[in-house]
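Within every chain, numbering begins at 1; the chains are lettered A, B, ... in the order of the sequence lines, protein sequences first and strands thereafter.
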Amino acid sequence: MALPSQLKAIQHHLRTAQEHDKRDPVVSYYCRLYAMQTGMKLDSKTPECRKFLVKLMDQLEMMKKELSDNESISQEVVGNAHIENYALKMFLYADNEDRGGRFHKNMIKSFYTSSLLYDVLSVFGELSEENIQHRKYARWKATYIHNCMKNGETPK
Amino acid sequence: TGSLGSSVASAEQDELSQRLAKLRDQV
């Protein structure tokens, strides 16, 4: 279903969820859960947003049923550790490429996706200071390197 | 119809909130 413009802020989290449906369904589930909670805060009044959010809720309930035997879903404390480990692994991969002077689309995407996953971590509660810094750094790095490559410059 | 519309909207909002709480075992 098309994303209403009022919910644009969760577009990339939902795309990350789709990208992980096969690769890592736990990441998909919590990306959609974050999108659901954030979407309800953004706009749950207008008909098109309500319709979108009801469909998203249907999908979450189905995923929870299908993944009921997965501890990362049945116990949120385990889910929290899963998402945090996944975000850190992605961040460290991109950071390692950056420090090695290897700039490419994949490392930019890894920086950006890790920053989205640090957003997702907020469903479990307040972010740690380290995670807040990682998110800020990862999002800045993705933007900076992307702009350098667009302008034909070598990132410092 | 205006008030009917808004009451339908708030009913749906409430239902979404309850389903979210249930999803997260917070009932």
*Asks:* Can you tell me if A/Gln37 and B/Arg24 form a side-chain donor-acceptor pair at under 3.5 Å?
*Replies:* yes

*Asks:* Ring centres of A/Tyr112 and A/His12 under 6.0 Å apart?
*Replies:*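 Yes; A/His12 has its ring centre under 6.0 Å from that of A/Tyr112.
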
*Asks:* Indicate whether the side chain of A/His82 and that of A/Tyr30 have a donor and an acceptor atom separated by less than 3.5 Å.
*Replies:*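 The criterion, which ignores hydrogens and geometry beyond distance, is not satisfied for A/Tyr30 and A/His82.
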
*Asks:* Do A/Arg15 and A/Glu19 pass the salt bridge (Lys or Arg N to Asp or Glu O under 4.0 Å) test, and can you show the C-alpha distance, the side-chain angles, and the key distance before you say yes or no?
*Replies:* CA-CA 6 Å; A/Arg15 188 188 62 196; A/Glu19 291 167 353; 3.5 Å; yes

*Asks:* Taking side chain as everything from C-beta outward and backbone as N, CA, C, O, which of these in A/Lys45 sits under 4.5 Å from a heavy atom of chain B? Side chain, backbone, both or neither.
*Replies:* both

*Asks:* Between A/Met36 and chain B, with a heavy-atom cut-off of 4.5 Å, which part of the residue counts as in contact: side chain, backbone, both or neither?
*Replies:* side chain

*Asks:* At a heavy-atom distance under 4.5 Å, which candidate from A/Val123, A/Thr46, A/Leu53 has the highest pair count against chain B?
*Replies:* A/Val123

*Asks:* So for B/Ser17, is it side chain, backbone, both, or neither that comes closer than 4.5 Å to the heavy atoms of chain A?
*Replies:* both

